[in-house]
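For the numbers below, each heavy atom of this structure counts, side chains included, while hydrogens, waters and symmetry mates do not.
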Amino acid sequence: MGLFSALLGNAGAVSQEELTKKYEQLLTEGEEIELGFKLVRDTFIFTNKRLLLVDVQGITGSKTEYKTITYKNISRFSIETAGTFDLDAELKIWISSEVQPSIKKQFNKSVNVYEVQKVLAHHVLK
């Protein structure tokens with residue numbers, strides 16, 4: 001992931017091995033990481049059981065929030081693909097019956113947003 005994309009807040013893919021090594025203490029029995037992305041300091045992870053958002057807070061980054069969103073609570077989602085002149089694609093996720101998307105994440109062109117959509121659809125549509 002390029003520095004310019006990172007500074008703009010675009011996400012880049014992170015390997016399953018790297019994510020599992022770093023966050024295995026958060027996983028429940030039988031839970032496996034399927035796909036994950038890193039922003040400048042934050043990470044979001046799709047597991048076989050939930051969506052896990054890791055939000056590093058504060059100037060020093062010493063405080064971290066780990067937010068779980070179960071797939072059954074996701075009421076809808078959308079992807080907006082990168083156009084000819086766009087640098088990124090966007091994922092929006094609505095939780096329960098909220099009017100505005102609860103989560104908005106931007107991806108740089110190195111991320112296949114269709115892969116993200118496919119994993120999310122697989123879990124939400126069960």
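Scanning both residues, His122 and Lys126, for their nearest heavy atoms gives O-CG, 3.3 Å. Across all non-hydrogen atoms, the minimal contact from Thr47 to His123 is O-NE2, 3.5 Å.
Side-chain contact between Ile95 and Ile74: present, with at least one pair of heavy atoms (C-beta onward) separated by less than 4.5 Å. Two residues are said to be in side-chain contact when any heavy atoms from C-beta on lie closer than 4.5 Å; Ile103 and Lys105 meet this criterion.
Checked against a 6.0 Å centroid threshold, the rings of Phe107 and Tyr114 do not count as neighbours.
Side-chain atoms of Ser96 do not come within 3.5 Å of backbone N or O of Glu98 as any donor-acceptor pair. Without hydrogens or angle criteria, Asn48 side chain to Gly30 main chain gives a donor-acceptor distance under 3.5 Å. The backbone N or O of Gln106 sits nowhere less than 3.5 Å from a side-chain atom of Asp88 that would complete a donor-acceptor pair. The closest donor-acceptor contact from the side chain of Gln16 to the backbone of Glu34 lies under 3.5 Å. Side-chain atoms of Trp94 never come within 3.5 Å of backbone atoms of Ser102 as a donor-acceptor pair (strictly under, hydrogens ignored).
In this structure, CG in Leu35 is found 4.0 Å from CZ in Phe37, a value given to the nearest 0.5 Å. Considering CG of Leu91 and OG of Ser78, their distance stands at 7.0 Å, rounded to 0.5 Å. Atom NZ of residue Lys49 and atom NZ of residue Lys72 lie 13.0 Å apart, to the nearest 0.5 angstrom. Distance CD1/Ile45 to CD/Glu32: 13.5 Å, rounded to 0.5 Å. The CG atom of Leu27 lies 5.0 Å from the CD1 atom of Ile33; values are rounded to the nearest 0.5 Å. Here the NZ-OG distance, from Lys38 to Ser15, works out to 12.5 Å after rounding to the nearest 0.5 Å.
Hydrophobic clustering places Phe44 together with Ile69 (ILVMFWY residues linked when any side-chain heavy atoms are closer than 4.5 Å, directly or through intermediates). Hydrophobic clustering (ILVMFWY, side-chain heavy atoms < 4.5 Å, transitive): Val116 and Tyr71 are in one cluster.
Atom NZ of Lys22 sits in a sparse spot, with 12 or fewer heavy atoms from other residues, nucleotides or ligands closer than 6.0 Å. The neighbour count for Gln25 CD, taken as heavy atoms of other residues, nucleotides or ligands under 6.0 Å away, is above 12.
For Thr28 and Glu31, the side-chain atoms include at least one donor-acceptor pair closer than 3.5 Å.
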Can you give me every donor-acceptor pair (side chain of residues 52-68, partner residue at least two apart or in another chain, under 3.5 Å) with its distance?
from  : atom 1 : to    : atom 2 : distance (Å)
Asp55 : OD2    : Gln57 : NE2    : 3.4
Gln57 : NE2    : Glu65 : OE1    : 3.4
Thr60 : OG1    : Ser62 : N      : 3.4
Thr60 : OG1    : Ser62 : OG     : 3.1
Thr68 : OG1    : Arg50 : NH1    : 2.7

Before you tell me yes or no, could you show the steps for Val124 and Phe77 under side chain to side chain contact (heavy atoms under 4.5 Å, CB included), namely the whole-Å CA-CA distance, both residues' side-chain angles and the distance that decides it to 0.1 Å?
CA-CA 9 Å; Val124 171; Phe77 59 91; 4.2 Å; yes
